[in-house]
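Starting off with a structure, shown below.
Predicted, not measured: the structure shown is a model, and the values here were computed from it. Each chain gets a letter, A, B and so on, in the order the sequences are listed, and its residues count up from 1.
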Protein chains: 2
Amino acid sequence: MLEKASKVDLIFFMLRNGGAAHAFKISTTELANEMGVSQQSSSRWLIELEKDGMIERTRGGIKLSRYCMARCRTLYWLLRTVFEAQKSVKIEGLVIRGVGDGRVYLSMPEYRRQLHKSLGFFPYEGTLNLTIAEPGKKTDLVATRGIEIDGFLKDGRTLGAAKCFRCTINGREKGAVIIPLRSHYGSDVVEIISQNNLRKKLGLRDGSRVTVDVDKGE
Amino acid sequence: MLEKASKVDLIFFMLRNGGAAHAFKISTTELANEMGVSQQSSSRWLIELEKDGMIERTRGGIKLSRYCMARCRTLYWLLRTVFEAQKSVKIEGLVIRGVGDGRVYLSMPEYRRQLHKSLGFFPYEGTLNLTIAEPGKKTDLVATRGIEIDGFLKDGRTLGAAKCFRCTINGREKGAVIIPLRSHYGSDVVEIISQNNLRKKLGLRDGSRVTVDVDKGE
DNA sequence: ATTACTAAAAGCCGAGTAG
DNA sequence: TCTACTCGGCTTTTAGTAA
């Protein structure tokens with residue numbers, strides 16, 4: 001560690017020493033040595049962590065709280081999607097009406113050229129938008145490389161930079177999930193493009209249930 | 001997050017948004033909003049993270065460095081041992097001479113009583129010490145609950161608090177790995193106790209190779 | 001629009017020390 | 001011994017602002 005240790009490192013230290021499983025006895029002086037800070041700071045950190053509900057202190061020692069473990073688990077899930085990427089992911093969602101900005105982009109010749117170059121097809125001028133029940137699956141894609149769409153310059157600004165993942169909709173239509181690189185962080189909406197009008201081809205309307213097999217490769 | 005975000009959270013934010021896989025374009029103002037700090041702070045954080053070699057900034061955007069990913073992976077391994085605990089772990093090591101403090105504890109009646117109560121046997125008065133090639137396997141045990149040994153009071157101090165894991169040595173002798181709760185953090189030495197003198201029973205001498213099947217249950 | 005500098009305010013650290 | 005308080009000094013933050 002180049003940087004000075006922090007309260008976060010104290011949590012990780014406890015995790016490494018079983019603080020998740022059982023109360024862990026250590027003096028503030030020893031802890032300070034482990035963390036490379038003063039006894040005063042380690043004492044203060046423990047007080048603050050307890051106040052924040054991250055640890056529990058009893059006469060038996062220190063223990064990571066249930067709340068702390070829940071947050072650690074969330075972090076674990078994130079790291080797992082980063083380091084143990086699956087080859088594909090199945091997303092289920094319901095068709096919703098989009099805001100229409102997808103259609104605007106998809107009608108621009110520069111953008112259509114970019115997509116054709118990267119995906120091998122010129123898309124129908126409209127996106128199929130789905131609300132998904134498991135936003136984690138979009139997060140998973142967001143954290144994956146995917147097929148990069150460079151965007152294009154317009155009035156000195158780069159527009160439309162995005163990434164795509166080839167996918168199969170309802171087991172038969174080919175297309176791609178498209179995720180803009182800017183904006184829309186943490187949304188539970190997935191946008192799909194295809195050579196065809198998916199609503200028509202698959203007989204979909206608002207509220208229809210759709211299954212998408214997404215290929216996480218490039 | 002109750003606490004104020006830090007540079008560590010900025011790394012996790014980038015991880016969540018694919019910063020591991022590709023350059024990620026975001027203005028310091030947007031980033032500041034995401035992190036709940038001022039634009040000035042997010043700007044300074046990026047400068048400092050770049051100086052520390054955690055991120056790389058190019059005209060394409062921000063990207064997590066190889067070094068940063070290596071550190072994230074270490075954290076991932078830690079969290080995996082915490083959340084995906086295996087039922088058992090196989091440890092290989094070489095017999096070494098111990099410092100003799102194990103023998104001291106193991107000859108104390110109070111301690112012998114504790115161990116009998118928790119493990120069901122009175123141990124031979126000496127530990128079998130092994131150096132192990134994969135210290136991560138000890139870390140794994142340290143982060144697991146195990147069988148708690150309460151220790152005993154002597155002159156107003158609690159001595160000998162430890163945890164144990166039932167194990168089988170070289171496929172036939174039963175015993176337990178014993179890990180003192182205080183001191184010996186991060187060591188690559190594992191201590192084993194058993195009803196019998198393992199050196200004699202298994203014909204071991206310093207340098208002998210030993211395989212230990214450790215039961216991580218209670 | 002963007003990034004990053006300056007300077008004052010706010011917050012954190014650790015030596016000293018009490019209980 | 002231990003934990004945790006105070007307080008001077010250092011570091012980090014943020015408003016203002018330049019480029």
What nucleic acid atoms does Ile47(A) come within less than 4.0 Å of, heavy atoms only: base, sugar-phosphate, or nothing?
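Sugar-phosphate contact only.
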
One thing to verify: whether Asp9(A) and Lys4(A) come together as a salt bridge, which I'm taking to mean a side-chain N less than 4.0 angstrom from a carboxylate O.
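Salt bridge: no.
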
What pair of heavy atoms forms the shortest contact from Arg112(A) to Leu106(A), and how long is it?
NH1-O, 2.9 Å

With a 4.0 Å cut-off, would you call Glu134(B) and Lys137(B) a salt bridge?
yes

Rounded distance in Å - NZ (Lys25(B)) to C1' (dT3(C))
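These atoms are roughly 13 Å apart.
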
Considering only dT3(D), dT14(D), dA4(C), which nucleotide approaches the side chain of Arg44(B) most closely?
dT14(D)

So, does Trp45(A) get its side chain near the phosphate of dC12(C), meaning an N or O under 4.0 Å from OP1 or OP2?
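The answer is no; no side-chain N or O of Trp45(A) sits under 4.0 Å from OP1 or OP2.
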
Ser27(B) side-chain proximity, nearest of dA4(D), dT13(D), dT3(C)
dT3(C)

When you measure from the side-chain N and O atoms of Ser43(B) to the phosphate of dT3(C), is any distance below 4.0 Å, counting only OP1 and OP2?
no

When you check the gap from the basic side-chain N to the acidic O, do Arg199(A) and Asp206(A) get nearer than 4.0 Å?
yes

Would you tell me whether Tyr124(A) and Asn197(A) have side-chain atoms, one donor and one acceptor, within less than 3.5 Å of each other?
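Asn197(A) and Tyr124(A) do have a side-chain donor-acceptor pair below 3.5 Å.
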
Proximity to the side chain of Thr28(A) - top-ranked nucleotide from dT3(C), dT3(D), dT14(D):
dT3(D)

Could you tell me the separation between the NZ atom of Lys7(A) and the C1' atom of dC12(C), rounded to a whole number of Å?
10 Å

When you check the phosphate oxygens OP1 and OP2 of dA10(C), does a side-chain N or O of Lys4(B) lie under 4.0 Å from one of them?
no

Between dC2(D) and Arg57(A), is there an OP1 or OP2 to side-chain N/O distance shorter than 4.0 Å?
no

Given dC13(C), dT13(D), dT14(D), identify the nucleotide with an atom nearest to the side chain of Ser38(B).
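The answer is dT14(D), which lies nearest to the side chain.
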
Asp9(B) CG to dT13(D) P: how many Å, rounded?
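So the CG-P distance, Asp9(B) to dT13(D), works out to 12 Å.
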
What is the distance from CE of Met35(B) to P of dT12(D), rounded to the nearest Å?
16 Å

Within this structure, what is the CG-to-P distance between Leu46(B) and dT2(C), rounded to whole angstrom?
14 Å

What is the separation between atom CG on Leu31(B) and atom C1' on dT14(D), rounded to the nearest whole Å?
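Distance, rounded to whole Å: 16 Å.
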
Checking the side chain of Ser43(A) only, and the main-chain atoms of Gln39(A) only, is there a donor and an acceptor separated by less than 3.5 Å?
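Answer holds: no.
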
Begin with the C-alpha distance, continue with both residues' side-chain angles, and end with the deciding distance and a verdict on side-chain hydrogen bond (donor to acceptor under 3.5 Å, both in side chains) for Glu30(A) and Ser27(A).
CA-CA 5 Å; Glu30(A) 287 173 287; Ser27(A) 74; 3.3 Å; yes

Using whole Å, what does the distance between atom P of nucleotide dT3(C) and atom CG of Asn33(B) come to?
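In whole Å, dT3(C) P and Asn33(B) CG are 12 Å from each other.
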
List every contact pair, protein side and nucleotides 16-19 of chain C side both N or O, where the distance is under 3.5 Å.
{"from": "dG16(C)", "atom 1": "N7", "to": "Gln40(A)", "atom 2": "NE2", "distance (Å)": "3.3"}
{"from": "dG16(C)", "atom 1": "O6", "to": "Gln40(A)", "atom 2": "NE2", "distance (Å)": "2.9"}

